[in-house]
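Structure first, commentary second.
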Amino acid sequence: SKDGSSLIIMKHIFDSCTCVMGILDYMLLADFHPLRVAVHGSSGFYSLAWHRIRAWFGRTFKVTTETMNLDHVHICPEMFAQQTIYLQRLERASASFRTMCFRHYALAEQTIGSNSMGSAGKSFEHMQGSFLRHPSSEYNAAKYRVHEYTNVKYMSFVGLGTQ
């Protein structure tokens, strides 16, 4: 939807999946490994759905932001209310997906060890890229530029809250 209301639902789905994954922490390794082998190809970093979702976030950020001046949107959100709301919802859904990826990574490390290759034949270092990098380098760079801008703009306030 244009207002991003479906992104709110996506965020909650990813958050729920992250919580449900926590249940697997309570399984004995001897019980978990047959399950891991049985779902091979349909879960985690090996699943087609995971790759589609990750690619969708990248495409959606690109399409959404390619005609925006992200610096202006971030600095003056009140002037770009619709874009700001949509971007916030997209960012939150993306962050929830990356949190779920991190949770999967931590579970995999706990169950098969970080020296192992994951089900997809990927190293643990390769899996880190799925949750460490923002899906849009330009969007991420714009947030950094605003961060630097506000550091300079509000430099005279540094430390005032601690006095």
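We use all heavy atoms of the structure for the numbers below, so side chains are in, but hydrogens, waters and symmetry mates are not. The model shown is predicted, which means the values in this text are computed figures rather than measured ones.
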Decide if atom CD of Glu66 counts as having more than 12 heavy atoms of other residues, nucleotides or ligands within a radius under 6.0 Å.
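Counting neighbours around CD of Glu66, more than 12 heavy atoms of other residues, nucleotides or ligands fall under 6.0 Å, so yes.
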
Within a radius of less than 6.0 Å around CZ of Arg145, do more than 12 heavy atoms belonging to other residues, nucleotides or ligands occur?
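Correct, the count exceeds 12.
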
Kindly compute the distance separating [atom1] ([X]) from [atom2] ([Y]), expressed to the nearest 0.5 Å.
| X | Y | atom1 | atom2 | value |
| --- | --- | --- | --- | --- |
| His72 | Leu70 | NE2 | CG | 10.5 Å |
| Arg92 | Ile8 | CZ | CD1 | 8.5 Å |
| Cys17 | His104 | SG | NE2 | 12.0 Å |
| Met10 | Leu90 | CE | CG | 8.0 Å |
| Phe102 | Leu107 | CZ | CG | 11.0 Å |

I'd like to know if the side chain of Thr65 reaches the main chain of Met68, judged simply by a donor and an acceptor atom lying under 3.5 Å from each other, with no hydrogens or angles considered.
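Not a single qualifying donor-acceptor pair exists.
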
Determine yes or no for a side-chain-to-main-chain donor-acceptor pair under 3.5 angstrom, with Thr60 supplying the side chain and Phe57 the backbone.
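Between the backbone of Phe57 and the side chain of Thr60 there is no qualifying donor-acceptor contact (under 3.5 Å).
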
Can you tell if the side chain of [X] reaches within under 4.5 Å of the side chain of [Y], non-hydrogen atoms only?
| X | Y | result |
| --- | --- | --- |
| Ile53 | Phe97 | yes |
| Lys62 | Tyr139 | no |
| Phe61 | Glu91 | yes |

Measure across Gly22 and Arg103 and return the closest heavy-atom pair with its distance rounded to 0.1 Å.
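So the minimum-distance heavy-atom pair works out to CA-NH2, 3.4 Å.
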
Quick one: do [X] and [Y] end up in the same hydrophobic cluster if we chain Ile, Leu, Val, Met, Phe, Trp and Tyr together by side-chain heavy atoms under 4.5 Å apart?
| X | Y | result |
| --- | --- | --- |
| Met79 | Ile75 | no |
| Phe80 | Leu87 | yes |
| Phe14 | Ile9 | no |
| Met27 | Met21 | yes |
| Val73 | Ile85 | no |

Dump the intermediate steps for side-chain contact (heavy atoms from CB on, under 4.5 Å) on Arg89 and Lys11, then the final yes or no.
CA-CA 8 Å; Arg89 290 174 177 173; Lys11 179 200 178 313; over 6 Å; no

Test: Lys143 and Glu138 ion pair at under 4.0 Å:
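A salt bridge is absent here (no side-chain N lies under 4.0 Å from a carboxylate O).
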
So, Arg98 versus Ser94: side-chain donor-acceptor pair below 3.5 Å or not?
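Yes, side-chain donor-acceptor contact under 3.5 Å.
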
